[in-house]
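What follows is a set of notes on a single structure, which appears directly below.
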2 protein chains.
Amino acid sequence: MSRLEYDGRMSLRHAALGLLTLGPASGYDLLQTFNGSLANVWPATQSQLYGELGKLAEAGLVTVTEEGARRRKEYALTDAGLAELKHWLIEVEPTAVRRSDMLLRVFFLGVVEPAQADEFLRKREAGAAEYHDSLRATEEAIAPETADLAVYGRIALEWGLRFTAMQREWAAWAQEELARTLKSQPSG
Amino acid sequence: MSRLEYDGRMSLRHAALGLLTLGPASGYDLLQTFNGSLANVWPATQSQLYGELGKLAEAGLVTVTEEGARRRKEYALTDAGLAELKHWLIEVEPTAVRRSDMLLRVFFLGVVEPAQADEFLRKREAGAAEYHDSLRATEEAIAPETADLAVYGRIALEWGLRFTAMQREWAAWAQEELARTLKSQPSG
DNA sequence: CTCCTATATGTCAGTTGTGACATGTGGAAA
DNA sequence: TTTCCACATGTCACAACTGACATATAGGAG
């Protein structure tokens, strides 16, 4: 029961706590969710998750409620764990800036030929469109059964839809902008 | 001159190489850029940058071209460095999914009171609006002097403008959606 | 001449995240 | 009954990143 320090990061920890609000689960169970519905938002590897569950138990934020077959350990949220989750949800400011290696590449596109830069942007447009369609498919698959349930899941999904739409439109615009610039100043 | 393995990540390395295409610079010089125009896209700490420059020099992707006052070392891109940069720009796929601790929180907003969830969304809306305005201010500050220059910088900036606009609109929509859901099913 | 600031580089311990490897069990199908 | 797959947990080395600390100098203001 050693103390754990929090400074606003360590979201995997809070993702695990959050999933445990839906009921007790094993590391393996949680992993399915991390590779499934949470994969787009906060992917996690097995090694990281098992390690984190150990630390969480040591800190008293979760407890082992059952030990089943195949060494299965079922974890449940404690009051302290729920309190920490709420604290993180409401009182800790979400990260404002997020690294984007895609955008970083855009900054340096002047290094390669305009044709290659254009191809880069076309790929982004296509990638965003494809991603958008896969989210749309997800939406249609889950919408019928959960009409008013899972409001927040739908709100998160909507973010994804809007984000991918924005990125597709931006990439299309950027191609036009690039063409315009090259036309007026061919040695760009 | 030991070899360095690349597997698609390690963008700080490529950010440094990219900045050096603009001309030789010291670690300190580069740091100003990382804390300035690149801060929104790929922030870096001093300790990381100096370490990376050392590795880059060891790998032969950059060379020390000058040693000035105050132990200043000026680095320049080598042919190998430029080749690596181009490879990364064109042939390495940008990361598709990016972690978002903001969106992760959204998934778990059902844990707190609807009023608190609503406040969370209002803060996102305000934060996105504020960020948008600061980018708009940046745009107006740089636009006059660079009409057709820095196409790619403007394209990256446009991404930021569209992203923050999208996030603001989404947060506003989400508040309405939440109100709608609570109205039709008060115990949500 | 002294003090302050910007310049300039570096080290260290610690956290977070990745990918590969290792190990073993329960149950169902062939 | 053997064989295979899903279940289930764990370790290891390493890469990426953070924040704090340490150190030192050139040049200008007072």
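These numbers were taken from a predicted model, which means no experiment stands behind them. So you know, we letter chains A, B, ... as the sequences are listed, proteins then strands, and number each from 1.
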Which ones in residues 18-25 of chain B lie close to DNA chain C, meaning a heavy atom under 4.0 Å from one of its atoms?
none
From CG of B:Leu104 across to C1' of C:dG17 the rounded distance in Å is 15 Å
Under the side-chain contact (heavy atoms from CB on, under 4.5 Å) test, which residues partner A:Arg70, sequence neighbours left out?
none
Rounded to whole Å, the CD-P distance (B:Glu58 to C:dG10) equals 13 Å
Please write out the pairs of protein N or O atoms and N or O atoms of nucleotides 5-9 of chain D separated by less than 3.5 Å, giving the distance to one decimal.
| residue | atom | partner | partner atom | Å |
| --- | --- | --- | --- | --- |
| D:dC7 | OP2 | A:Tyr28 | OH | 3.0 |
| D:dC7 | O3' | A:Arg70 | NH1 | 3.4 |
| D:dA8 | OP1 | A:Arg72 | NH1 | 3.3 |
| D:dA8 | OP2 | A:Arg72 | NH1 | 3.1 |
| D:dT9 | OP1 | A:Lys73 | N | 2.8 |
| D:dT9 | OP1 | A:Lys73 | O | 3.4 |
| D:dT9 | OP2 | A:Tyr28 | N | 2.8 |
| D:dT9 | OP2 | A:Tyr50 | OH | 2.8 |
| D:dT9 | O4 | A:Gln46 | NE2 | 2.7 |

Nearest-Å distance for atom pair CG/C1', residues B:Leu49 and D:dG19:
16 Å
Take atom NZ of B:Lys55 and atom C1' of C:dT11, then tell me their distance rounded to the nearest Å.
14 Å
Salt bridge (Lys or Arg N to Asp or Glu O under 4.0 Å) filter on A:Arg136, not counting sequence neighbours, yields A:Glu139
Specify the residue among A:Leu12 and B:Gln48 whose closest nucleotide of DNA chain C lies further upstream toward the 5′ end.
B:Gln48
Does a side-chain N-to-carboxylate-O contact under 4.0 Å join A:Glu158 and A:Arg154?
no
Expressed in angstrom and rounded to an integer, what is the separation of B:Glu52 atom CD from D:dT18 atom P?
13 Å
With no angle test and no hydrogens, is the base of D:dG19 tied to the side chain of B:Ser47 by a donor-acceptor pair under 3.5 Å?
yes
Nearest-Å distance, CZ (B:Arg98) to P (C:dG17)?
15 Å
Could you work out, with side-chain contact (heavy atoms from CB on, under 4.5 Å) as the rule, every residue matching B:Val97, not counting sequence neighbours?
A:Asn40, A:Tyr131
side-chain contact (heavy atoms from CB on, under 4.5 Å) filter on A:Glu74, not counting sequence neighbours, yields A:Pro24, A:Thr65, A:Glu66, A:Arg72
Those residues at least two apart in sequence (or on a different chain) that pass side-chain contact (heavy atoms from CB on, under 4.5 Å) with B:Ala126 are none
Pairs satisfying salt bridge (Lys or Arg N to Asp or Glu O under 4.0 Å), at least one member in residues 125-135 of chain A, at least two apart:
none
Check the distance between D:dC17's P and B:Asn35's CG and give it to me in whole angstrom.
15 Å
Give a yes or no on whether A:Gln116 atom CD has more than 12 heavy-atom contacts from other residues, nucleotides or ligands under 6.0 Å away.
yes
Test of understanding: with salt bridge (Lys or Arg N to Asp or Glu O under 4.0 Å), list the residues that count as partners of B:Arg168, not counting sequence neighbours.
none
